[in-house]
Each structure stands twice: as structure tokens, then as C-alpha cells.
Amino acid sequence: MLSRASKYAILSTLYLAEHSSKEKKISVKQIADEIDVPSPFLAKLFQQLVHAKIISSVKGPNGGFYITPKNGKKTVCDIIENIDGLHKLNECFLGLHECDSKNPCPVHFIVEPFKNSILGKFRDKSILEFSKEVSDNGRVLTLKNIDLEN
């Protein structure tokens, strides 16, 4: 349902929310190394996220990226919308060109409630709330040894 770009953007934004502040900025290279994503690709994604005011940045020797309280109020849905557009979440599970309630694919009515639930959670929970949940539950923010193609 999500592109690799959206996955990287969500993961790196949650990493920033957990590990950065206005006083503690983090470089793209450091984040890329830590969560195992390509640095040049992440840098391009960060340009989009800064432009959309989802993350903040400062240039220069003491610069880097960070999340402000205002950035933290944005949602995962905001990230997806900025990177892929929300149409990605509405695509047919089987990849059919036309699939909706009037012209459903064979699994449309099975998958639709799950997609709606995920979309609702992505809309209702802020980046800071997701980050706190990750931290509180001891989850790991890395893509090392995870196959993104599946």
C-alpha cells in the first residue's frame, strides 16, 4: 500500500521525533546509518518534508534536522500525503485499475475495513503520539534485515 519513499519518510520522521529537538539536530547521514536507508534518497525526502513543515532544519556546521512541537502535531497521513498522495492508500489491494464499492475486486469488502482502520489511525494520531508509542513499547526504528518488497 505504501511506497518505499513513504516508508522511509515515516520511519525517519518517527526517528527524529524520538531522538531530536531544537537543541539536538540530527544529520541525514546519521539517520540513514541508524535506520539503514540510503542517505541521498533520504535527503531528497527530507527536502519535501521540510517544505511541507513536517520536519524542521537548520543549515550550517551545527545544523541538521529536528521535530518541533508544531511539527509533531502533524500526522502520519500528512507524511504519506506529502510523499505519495493519499491515493496510494486507496489503491486496489489486488492492483486492479478500477475497484470501489460499485465495482469491487474479489477481496474489496474483506480489505476495505482494514484500510479504513489504518487510514483512521494515520489521521487521528500525531507524529509525537506515534513516537511516544514506539518508545513506550520498546519498538525498534530500523529497516535492517527487513524486506520492504513484501
Side-chain angles (χ1 to χ4, degrees), residues 1-96 99 107-108 110-150:
M1 277 186 3
L2 296 177
S3 70
R4 182 174 292 185
S6 277
K7 291 175 187 179
Y8 289 169
I10 293 166
L11 188 59
S12 58
T13 300
L14 291 174
Y15 183 89
L16 278 175
E18 188 174 348
H19 298 285
S20 74
S21 67
K22 193 169 186 174
E23 296 75 34
K24 183 184 176 192
K25 297 161 194 76
I26 304 175
S27 72
V28 168
K29 182 169 178 9
Q30 182 181 345
I31 296 166
D33 290 346
E34 190 65 32
I35 62 175
D36 197 28
V37 300
S39 186
F41 189 53
L42 189 58
K44 288 181 182 185
L45 292 175
F46 272 18
Q47 287 176 353
Q48 286 179 253
L49 296 174
V50 168
H51 182 73
K53 297 182 172 51
I54 294 171
I55 64 174
S56 294
S57 70
V58 172
K59 294 181 181 185
N62 295 318
F65 297 89
Y66 62 101
I67 299 281
T68 66
K70 188 174 181 178
N71 298 140
K73 290 179 183 175
K74 299 279 188 170
T75 66
V76 171
C77 224
D78 292 325
I79 298 169
I80 296 166
E81 185 172 22
N82 183 264
I83 301 298
D84 285 338
L86 292 181
H87 69 280
K88 278 298 241 186
L89 294 174
N90 294 319
E91 287 180 353
C92 175
F93 186 76
L94 296 179
L96 299 179
C99 176
V107 298
H108 178 82
I110 296 168
V111 175
E112 186 177 35
F114 296 106
K115 287 169 63 173
N116 290 337
S117 175
I118 290 167
L119 189 57
K121 288 181 176 145
F122 284 171
R123 280 190 179 131
D124 296 342
K125 202 176 278 191
S126 73
I127 290 167
L128 289 179
E129 289 170 327
F130 263 108
S131 173
K132 182 173 176 0
E133 189 177 290
V134 167
S135 179
D136 289 351
N137 291 314
R139 295 187 185 129
V140 179
L141 291 172
T142 185
L143 293 176
K144 293 177 183 175
N145 301 319
I146 294 175
D147 182 9
L148 287 177
E149 296 300 318
N150 296 319

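Note that the coordinates shown come from a computational prediction; the quantities given were computed from them, not determined experimentally.
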Does [X] have any side-chain contact (heavy atoms from CB on, under 4.5 Å) partners at least two apart in sequence or in another chain, and if so, which?
{"X": "Ser20", "value": "Leu16, Ile26, Tyr66, Ile67"}
{"X": "Ala43", "value": "Val28"}
{"X": "Cys99", "value": "Cys92, Cys105, His108"}
{"X": "Lys73", "value": "none"}

> Does Ala9 offer a backbone N or O that forms a donor-acceptor pair with the side chain of Thr13 under 3.5 Å?
Replying inline: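 Here the side-chain-to-backbone pair exists.
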
>> Tell me whether Lys74 contacts the main-chain N or O of Ile79 through its side chain, where contact means a donor paired with an acceptor under 3.5 Å.
In response: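 Side chain of Lys74 to backbone of Ile79, a donor-acceptor pair under 3.5 Å: no, none is there.
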
> Looking at side-chain heavy atoms only, is the closest gap between Phe46 and Ile31 below 4.5 Å?
Replying inline: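 Result yes, sub-4.5 Å side-chain heavy-atom pair found.
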
>> Side chains of Val76 and Ile80, heavy atoms from C-beta outward: is any pair under 4.5 Å?
In response: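 Result yes, sub-4.5 Å side-chain heavy-atom pair found.
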
Taking every non-hydrogen atom, the tightest pair across [X] and [Y]:
{"X": "Lys7", "Y": "Leu2", "result": "CE-O, 3.5 Å"}
{"X": "Ala32", "Y": "Ser39", "result": "CB-CA, 3.7 Å"}
{"X": "Ile127", "Y": "Leu14", "result": "O-CD2, 3.8 Å"}
{"X": "Val50", "Y": "Ser56", "result": "CG2-C, 4.4 Å"}
{"X": "Asn62", "Y": "Lys25", "result": "O-CD, 3.7 Å"}
{"X": "Thr75", "Y": "Phe122", "result": "CB-O, 3.2 Å"}

If I take atom [atom1] from residue [X] and atom [atom2] from residue [Y], how far apart are they, to the nearest 0.5 angstrom?
{"X": "Ile35", "Y": "Ser12", "atom1": "CD1", "atom2": "OG", "value": "5.0 Å"}
{"X": "Lys132", "Y": "Ser126", "atom1": "NZ", "atom2": "OG", "value": "11.0 Å"}
{"X": "Asn71", "Y": "Leu49", "atom1": "CG", "atom2": "CG", "value": "10.0 Å"}
{"X": "Lys29", "Y": "Ser27", "atom1": "NZ", "atom2": "OG", "value": "7.5 Å"}
{"X": "Ser131", "Y": "Asp136", "atom1": "OG", "atom2": "CG", "value": "9.0 Å"}

> Does Phe41 have any ring-ring contact (aromatic ring centres under 6.0 Å, His included) partners at least two apart in sequence or in another chain, and if so, which?
Replying inline: Tyr8

>> Under the criterion side chain to side chain contact (heavy atoms under 4.5 Å, CB included), I'd like the reasoning laid out for Val37 against Leu45: C-alpha separation, chi angles, the key distance, then a yes or no.
In response: CA-CA 11 Å; Val37 300; Leu45 292 175; over 6 Å; no

> What residue pairs, at least two apart or across chains, pass salt bridge (Lys or Arg N to Asp or Glu O under 4.0 Å) with a residue in residues 116-130?
Replying inline: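 Qualifying pairs: Lys125-Glu133.
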
>> Is it the case that over 12 heavy atoms from other parts of the model lie below 6.0 angstrom from the NZ atom of Lys115?
In response: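 Above 12, so yes.
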
